[in-house]
Number of protein chains: 2
Amino acid sequence: MNTLAEENYLKSIYHLSLNDSNVSTNQIAAALNTKAASVTDMLKKLADKELINYEKYQGVTLTSSGEKIALHIIRKHRLWEYFLVEKLHFKWDEVHDMAEEMEHISSVELIDRLDKFMDYPKHDPHGDPIPDRDGNFKKHELQPITALRVNETGIISGVRDHSTAFLQYLEKQQLTIGKKIKVTEIIEYDHSMILEVEQTKIHISREAAKNLLIVI
Amino acid sequence: MNTLAEENYLKSIYHLSLNDSNVSTNQIAAALNTKAASVTDMLKKLADKELINYEKYQGVTLTSSGEKIALHIIRKHRLWEYFLVEKLHFKWDEVHDMAEEMEHISSVELIDRLDKFMDYPKHDPHGDPIPDRDGNFKKHELQPITALRVNETGIISGVRDHSTAFLQYLEKQQLTIGKKIKVTEIIEYDHSMILEVEQTKIHISREAAKNLLIVI
DNA sequence: TAATAAATTTAGACTTGTCTAAAAAATTAT
DNA sequence: ATAATTTTTTAGACAAGTCTAAATTTATTA
């Protein structure tokens with residue numbers, strides 16, 4: 001099996017790949033809170049194991065076996081997050097760090113049984129899709145609410161910023177997964193938005209709006 | 001916090017302490033499947049952290065803070081074992097290795113909520129007591145069935161050998177936790193025993209009998 | 001109680017994953 | 001298109017945890 005460090009590198013590379021096809025050394029260093037030199041060392045090891053495609057100075061991509069491992073770790077992370085929220089009643093902003101540890105538990109049988117125990121959830125508490133045991137998932141077609149115009153509606157279905165601060169802010173504003181929102185006004189000056197959620201008006205900045213995702 | 005290796009040493013020392021008050025370097029090496037020289041190195045580190053009392057060549061004991069950590073790890077191990085058996089329906093001989101990984105998940109809040117989720121179980125699937133969050137537990141007064149004489153009865157409540165092989169053997173013989181047994185005969189020649197469990201007669205060796213624990 | 005055996009520790013080395021400082025390559029801006 | 005800047009890699013070092021081989025201490029036994 002792979003070491004904990006290797007797993008964390010693969011997971012980070014996967015997440016970064018969603019925005020840029022080639023992931024740079026510095027991006028990985030920033031994501032993992034480490035130094036570029038350390039990243040270079042690890043990239044060589046991962047390339048030796050054929051988990052990434054790596055050419056000096058050119059950034060990296062995951063190989064299919066690297067991606068498979070990354071998706072399995074993400075599956076575990078999201079299933080444990082679901083467990084923590086749905087069964088142990090943690091709040092959505094409390095579960096990330098615990099799941100960071102739990103995602104490294106190795107048993108495949110365990111995670112399949114956990115999946116069954118919770119009746120095969122499709123999304124984690126933040127709206128992110130949970131890959132199945134083969135790594136497949138429907139990538140959801142979400143849009144930031146900034147895509148909406150006045151009087152248009154949507155259902156809150158995900159976030160782009162997973163920070164505790166943002167999640168707590170949303171919780172406090174009642175802006176949680178599944179809620180139906182309607183844009184009642186867009187302030188021209190700063191592009192902030194006034195939303196209607198369950199008969200209440202909520203004013204959010206453009207900054208926040210960009211990180212709140214909906215299905216239309 | 002402590003490293004994974006440190007936690008495993010503390011746990012092993014705790015278990016070995018139950019049989020011998022001073023635990024030797026070689027005992028620890030055997031338990032952890034490592035070399036005596038490695039153990040000596042680690043013992044120095046643990047002594048520096050005041051988790052064990054260590055004097056060269058004299059073996060070790062846990063300090064109270066070392067014991068507290070050991071009991072917390074054991075609490076986590078046994079609660080996760082209970083979870084795996086009761087909620088995910090694993091068999092009692094399948095859960096040890098998974099729990100070995102899960103016992104190192106650090107969140108105290110998580111384990112307290114898990115405890116509550118399962119309604120505060122007192123014993124793990126092998127009959128071992130689960131310490132509460134303060135490390136307290138009733139040490140059960142179990143005896144091997146070799147303590148019984150003919151026609152005496154008891155309730156199976158624990159095992160001394162936790163190996164997969166022994167657990168599977170017991171399972172196959174219906175000798176599981178909670179079953180009431182009666183000794184119907186003791187063979188003088190080899191001290192093997194014939195038990196009656198739910199109207200069935202079962203013949204077990206003295207070797208096995210010594211590892212099967214009951215309350216009278 | 002001296003010799004032998006067993007247990008334990010020390011010394012020196014190796015691996016993994018990290019770091020800093022310096023060198024090399026790639027990018028950007030003049 | 002060359003200089004300046006940024007990014008990446010290399011070189012060398014360190015901590016944690018482990019190992020083998022040798023030295024030392026303790027225990028056993030004759």
Side-chain angles (χ1 to χ4, degrees), chain A residues 1-17 19-62 66 69-70 73 100-101 103-104 106, chain B residues 1-17 19-62 66 69-70 73 100-101 103-104 106:
Chain A
M1 243 296 96
N2 307 286
T3 65
L4 199 145
E6 284 171 349
E7 292 193 347
N8 285 331
Y9 273 86
L10 292 174
K11 184 174 53 127
S12 277
I13 293 166
Y14 178 88
H15 286 309
L16 293 167
S17 297
N19 298 317
D20 307 85
S21 62
N22 271 53
V23 180
S24 74
T25 301
N26 265 358
Q27 281 178 298
I28 299 168
L32 291 174
N33 211 350
T34 183
K35 296 297 150 73
S38 309
V39 174
T40 300
D41 289 345
M42 182 59 91
L43 294 183
K44 288 180 191 164
K45 288 175 199 163
L46 293 173
D48 285 347
K49 292 190 168 193
E50 299 189 46
L51 298 173
I52 60 172
N53 305 113
Y54 170 55
E55 292 195 60
K56 272 193 196 180
Y57 298 103
Q58 301 313 132
V60 299
T61 58
L62 291 174
I69 293 169
I73 297 162
E100 286 287 296
E101 292 183 60
E103 72 191 9
H104 300 290
S106 61
Chain B
M1 245 297 98
N2 307 287
T3 66
L4 199 145
E6 286 170 349
E7 291 193 349
N8 285 332
Y9 273 86
L10 292 174
K11 184 173 52 126
S12 276
I13 294 166
Y14 178 86
H15 286 310
L16 293 167
S17 296
N19 298 318
D20 307 85
S21 63
N22 270 51
V23 180
S24 76
T25 301
N26 266 359
Q27 281 179 297
I28 299 168
L32 291 174
N33 210 348
T34 184
K35 297 295 150 74
S38 309
V39 174
T40 300
D41 288 346
M42 182 59 91
L43 295 183
K44 287 180 192 164
K45 288 175 199 163
L46 293 172
D48 285 347
K49 292 189 167 195
E50 298 190 46
L51 298 173
I52 60 171
N53 305 113
Y54 170 54
E55 292 196 61
K56 274 193 196 180
Y57 298 101
Q58 301 313 134
V60 300
T61 58
L62 291 174
I69 294 168
I73 297 162
E100 286 286 294
E101 291 183 58
E103 73 192 6
H104 300 290
S106 61

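This is a predicted model, so every value here is computed, not measured. Lettering follows sequence order; numbering is per chain, from 1.
Evaluation of the side-chain hydrogen bond (donor to acceptor under 3.5 Å, both in side chains) rule for A:N2 yields no partner, not counting sequence neighbours.
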Less than 3.5 Å apart, which donor and acceptor atoms pair up between the side chains of residues 26-40 of chain A and the rest of the protein, not counting sequence neighbours?
residue : atom : partner : partner atom : Å
A:Q27   : OE1  : A:S24   : N            : 2.8
A:Q27   : OE1  : A:S24   : OG           : 3.3
A:Q27   : NE2  : A:D20   : OD1          : 3.1
A:T40   : OG1  : A:A36   : O            : 3.2

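Pairs passing the side chain to side chain donor-acceptor pair (under 3.5 Å) check and including a residue from residues 49-59 of chain A, sequence neighbours excluded, read A:E6-A:K49, A:N53-A:T61. Pairs passing the salt bridge (Lys or Arg N to Asp or Glu O under 4.0 Å) check and including a residue from residues 8-17 of chain A, sequence neighbours excluded, read A:K11-A:E100, A:K11-A:E103.
Note: B:L16 CG to B:N22 CG = 12.0 Å, rounded to the nearest 0.5 Å.
Atom CG of A:N22 and atom P of C:dA26 are 14 Å apart (whole Å). Residue A:N2 contributes atom CG, which lies 19 Å from atom P of C:dT15 at whole-angstrom precision. Rounded to a whole Å, the CG atom of A:L32 is 16 Å from the C1' atom of C:dT16. With rounding to whole Å, A:N8 atom CG is found 14 Å from C:dT18 atom C1'. The nearest whole Å value for the distance from the CG atom in A:L43 to the P atom in C:dT16 is 16 Å.
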Per-nucleotide protein contact along nucleotides 17-28 of chain D, 5' to 3', at a 4.0 Å heavy-atom cut-off (B base, S sugar-phosphate only, - neither), is BBBB---BSS--
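A:T25 comes within 4.0 angstrom of the backbone, heavy atoms only, and of no base.
Of the side-chain N and O atoms in B:N26, none sit less than 4.0 angstrom from OP1 or OP2 of C:dA6.
The two atoms that bring A:I13 and A:V23 nearest to each other are O-CG2, 3.8 Å, heavy atoms only.
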